[in-house]
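Shown next, in structure tokens, is the structure this report addresses.
What you see below is based on every heavy atom in this structure, not just the backbone, and it leaves out hydrogens, waters and symmetry mates. Chain A is the first sequence line, chain B the second, and so forth, proteins listed ahead of strands; every chain is numbered from 1.
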There are 6 protein chains.
Amino acid sequence: MIQGKKMLVVSAHAADYVWRSGGVIAKYIKNGAEVHVVVLSFGVRGESNDLWKKEGATYESVKAERFEETREAARLLGVENIEFWDLPDYPMAPALDENVRERLIRKIRDVRPDIILTHDKMGEDVLNPDHNAVSRFVFECSIQANSNGVRIEGTKTTRQMRLFGFEPHQTELSHFVPGELVDITEVYEQKVAAMQCFKAQSHLIEYYRQRAFLRGNHIRRISGEQSYRYAECFSSFFPVAGEELV
Amino acid sequence: MIQGKKMLVVSAHAADYVWRSGGVIAKYIKNGAEVHVVVLSFGVRGESNDLWKKEGATYESVKAERFEETREAARLLGVENIEFWDLPDYPMAPALDENVRERLIRKIRDVRPDIILTHDKMGEDVLNPDHNAVSRFVFECSIQANSNGVRIEGTKTTRQMRLFGFEPHQTELSHFVPGELVDITEVYEQKVAAMQCFKAQSHLIEYYRQRAFLRGNHIRRISGEQSYRYAECFSSFFPVAGEELV
Amino acid sequence: MIQGKKMLVVSAHAADYVWRSGGVIAKYIKNGAEVHVVVLSFGVRGESNDLWKKEGATYESVKAERFEETREAARLLGVENIEFWDLPDYPMAPALDENVRERLIRKIRDVRPDIILTHDKMGEDVLNPDHNAVSRFVFECSIQANSNGVRIEGTKTTRQMRLFGFEPHQTELSHFVPGELVDITEVYEQKVAAMQCFKAQSHLIEYYRQRAFLRGNHIRRISGEQSYRYAECFSSFFPVAGEELV
Amino acid sequence: MIQGKKMLVVSAHAADYVWRSGGVIAKYIKNGAEVHVVVLSFGVRGESNDLWKKEGATYESVKAERFEETREAARLLGVENIEFWDLPDYPMAPALDENVRERLIRKIRDVRPDIILTHDKMGEDVLNPDHNAVSRFVFECSIQANSNGVRIEGTKTTRQMRLFGFEPHQTELSHFVPGELVDITEVYEQKVAAMQCFKAQSHLIEYYRQRAFLRGNHIRRISGEQSYRYAECFSSFFPVAGEELV
Amino acid sequence: MIQGKKMLVVSAHAADYVWRSGGVIAKYIKNGAEVHVVVLSFGVRGESNDLWKKEGATYESVKAERFEETREAARLLGVENIEFWDLPDYPMAPALDENVRERLIRKIRDVRPDIILTHDKMGEDVLNPDHNAVSRFVFECSIQANSNGVRIEGTKTTRQMRLFGFEPHQTELSHFVPGELVDITEVYEQKVAAMQCFKAQSHLIEYYRQRAFLRGNHIRRISGEQSYRYAECFSSFFPVAGEELV
Amino acid sequence: MIQGKKMLVVSAHAADYVWRSGGVIAKYIKNGAEVHVVVLSFGVRGESNDLWKKEGATYESVKAERFEETREAARLLGVENIEFWDLPDYPMAPALDENVRERLIRKIRDVRPDIILTHDKMGEDVLNPDHNAVSRFVFECSIQANSNGVRIEGTKTTRQMRLFGFEPHQTELSHFVPGELVDITEVYEQKVAAMQCFKAQSHLIEYYRQRAFLRGNHIRRISGEQSYRYAECFSSFFPVAGEELV
């Protein structure tokens, strides 16, 4: 039951959450979930190669464009709760200090998510060290948010939530282990529209269209459900734990 | 939703399905699922050490006792559909020939299960080669049952079902990867009663009681659900594939 | 240097070599290599689901159609040396007996390949046990073909060749480890044409088109070579071994 | 031969060394070894959930209780050499700076241990990032203590010692690989008494009782030695290296 | 304590036990252990490349030479109990039938070994399928020998023994995991002499001399014991299980 | 084609690049490549055990000796472009700050290498934490050097290069995966001469001579090329990606 679920998405750069979980975000919102997105950086240094090719590009001009693009993409996915923390990237690890840690623990305790989506913890993103740093950081903050002894003024300890990892760009090279496949057929066009906000990256738009098609083939094959056409895939930080086998 | 689900359990020896999935079996039956059990062998050679210690024990006397015990255990779990195929064990691999293959494919197509439970495929049971042979065999038969081109008189191709592996006796040594934890609190006493049918194996009864307690701790920790007290754990042959993250 | 190389491709079923290595086969032939293909079975039971849906389909009618399709696909790839061994499939393992072993060793010694392409040995095809059986079998035969003590009338011991594994359908689930990516841009249309011979499997044609696109993205990213557009990926049975780092 | 051995135990939080190695510590002391324990933090933030539930709990009040509990537990295990370094926890990584590094190298060189026990290095504690940080840190300090070029006033280079990792709470999820199982039957009651000092954590006391029982089953099964009833399990940082196979 | 130990070595081909465990065998015999060796095949097809190069070599002539060589090597190692079962090789798997199984179970029950040495089970010998088949087979027979229900006229159930795997020729490629390193300095010259019996394989003699030197470096580094000069390495089928950490 | 290639070697300590890649460096230079070496530290604390044994050794005296040795070794290998960054070691991680990061990115952009050789990223050097820190750091800098958005005055973005990892001292314990074996027969004597510059480490000179011999055996076995006598082995950070299978 998606209705009433709370989800927190933590994205290292401005577009990660769109490429990797835009379908699930749109689907959850459409079906009555409450989705919050934290974008840690605009990816000015690490994920804006094409924007830097424009004549006269500066750190500020690139950042402004990234901001416009990602804000529009969020709107198209139906995201109303989004924050831009504007950290530096490439490398991001040095910026993930104790202030940002407290801020993220606070955010988790404010949202009280059932589900956290972030970069994959299982493996290691073979081409993007920022993603690995963010994954570990979000994981640690989630554990600390759940710990009764981590006292932060005005916050209340959370209960263990589910954590899932984004599929990285090059999956096998990053030792990605598929944990859950989710059908996104009903919001696929919405995801495509959101991806198209990143105008300078047409090759990535096509790339993630085709990946959704391939994952659609996989989910049909594994579930036997022929109506599924497009899917997104995530790793699981923990085993499934509940009342029955799923 | 357990109600209406169909489950097929394939057990290498007479007691495997009780120790390793007795809780889930009882829970599924109690909540309206249809459960079928196939016991491939009585485990006379490989899993009846204690019975052989009785004065005058013979292959037939051990087998008769195993049969009585497991039939009674099944009754206590609520199992009405159980078959004993009486294959030799230790080793079992040579007995898994093309006749048994056709028989199992036919069984799968007759039951048309949503879920198959059998020995773990992921790792390798470090102390029981029969379990490994059965796991591979059941997996292959499931693929073949689903294949339209495998024509067996009087049967109809099945649709891809879910497969789960039993937790082996020594989990880490067998490279077991927990995929799903299922709360069995409501049927825990029933499972204990079923285990007690295997009178000569009191150390195993205690062993699996304590394992259910440990897995109960794990499922509480992972789910945040404090009412769970006892659990069973299974590996997943495939990723979760469906409408939402679970 | 492709010119003058000898390649032997061993395919479990009628279409495996087309989906998984059609591009490399066509490229090697086009550039002067000598390519031999052995198709072990027609995949009548395991890989002809759609053909069996035709009214009145029989083992013989399905086989005849598979034969026509694969012969035409081979022709479009430029393959002149192809053999159909017509083994049963699903399961194929029982058919891989000592006669087939001698036949394959003889074939290897006749062809004297620099490269053998077959199903992936590294991992385990999660949905196709035949592929695993064939991979192990081809590997064993290659070792035996190279062994001076394996005396077969009229054959001469081969020298260690390179072995590569096909990318399976569901890569991560099969623990596939990418070893080498090969650009197939110049023969991509030829591969598409060959795939279209398998008329009943339009979803697979699209699937492998999109995979070639994704692998094209990966090879560009890893090599920095922007002219690559489509690629195929293989696992390596052995490390690269030669005069320099590649 | 335990008699005369020197052991250094490094525990991230106040109770880790009791749950995870209390049996081995008590056994070594009882049989004539010299055991030193360093408790890096009191676990006020990360491992005192229950104490924080008390009305009016503060950082200082929780710390005082943890100190009393762990001091008493150490006494019951027979530990005479114990130090409390009172580092912050959750997260602990930022506190493991160059001063703490020098202090730990000095400690290692003072004790000159044959054996170091600490958190598991092999895998990754799935629910406790502090444990991972401590494991890496202790390992690095041990290497540096053994290095002749790491000059610290008043210390003398140590010789390579053995390192072993604690079994984490959720073993498979933390990729724990059992390296050595040690019978603790003769001191089991002593360990239980020590665990009971942590009054607010009765569920953990029962958890680690049952784990000792399960590991007792495993050690009997693997060694064939029927007198073993309770055991603790550790990972090995290095292979066994000596005069014979063990 | 080596004195009084019983060891059973099962070697796939005529020289495997010499290259891979000749040092440990000689050391155990010299120090009062009882060592039994079973040589399953003479390796005529798979491991006699050089002998086949002799003019006029036949299966029988190669076999006779292998027999002379290995008998002499065994004598130099001090082995008095050795059996040659003369199975075919390359492939050996088809020969490991139920008769050979009963024969090996009987052998294990007759010898009642504390230790079984055979080919590595952990990984997969990347260049020798026979080794993998033998490893699995010996492991299965050991489990069955220990099982009270496996009744073989005139034999008595054994108690769980220790199993160790030979280091394969190409270790990393075979996923070999070093479990135990054993110093063989005192018998190193004896091992060299035994290896020199295999006259046609001078490159292997040098290879295994140098490996003993490298493993000697490793054992010194890990144990801190500077008197060790040469060593052999084995994988462990089970964790160490006993009275203390080793 | 080695001729014209550019290679950058980043070595944690003064001798790492000689033991682990001296052969490849000499071969590349001899055959017309341009090779640059960056030596991050002199290894005064971590890799100079023997020099510290000299009476009156000080940090400065040890450093001076290391400098002389490594400069002479570089000369013997034919290296003309070598820089000594003189960072502290044991631990080195704290020294790898944002200044060093910018310096290394600048170096990469100045050299514009086709190949970067550094410490192994795949596994984890089991006995040397500095090597792991350097591997991650070099990898991150390479990604950032290739990123258009990482703007550093006076530098120009590089194109994706190949990265390879040194074989560590204890390969299996460090989870080293051989990716490429390179024949170094023609420069073997040159490598031996360079190694002999490290006078205090005669055991290591012999160790790496014998390793080159073993890797020579492996490369012959895998390539079938009998003229190869000595080799070095490296891990691959990425799959091979190009025009053909190699």
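Residues of residues 32-47 of chain B placed with any heavy atom under 4.5 Å of a heavy atom in chain C are absent; none qualify. Listed in order of number, the residues of residues 79-86 of chain B that approach chain C to under 4.5 Å between heavy atoms amount to none.
In terms of heavy atoms, C:Pro129 sits closest to B:Phe139 at CG-CE2, 4.4 Å. In terms of heavy atoms, B:Gly149 sits closest to C:Asn49 at N-OD1, 3.7 Å.
Neither the backbone nor the side chain of B:Arg136 has a heavy atom closer than 4.5 Å to any heavy atom of chain C. C:Pro91 touches chain B through backbone and side chain together, each having a heavy atom under 4.5 Å away.
Distance check, rounded to the nearest 0.5 Å: CD of B:Gln144 to CG of C:Asp130 gives 7.0 Å.
Residues C:Leu127 and B:Ile143 form a side-chain contact, since some pair of their non-hydrogen atoms from C-beta on lies under 4.5 Å apart.
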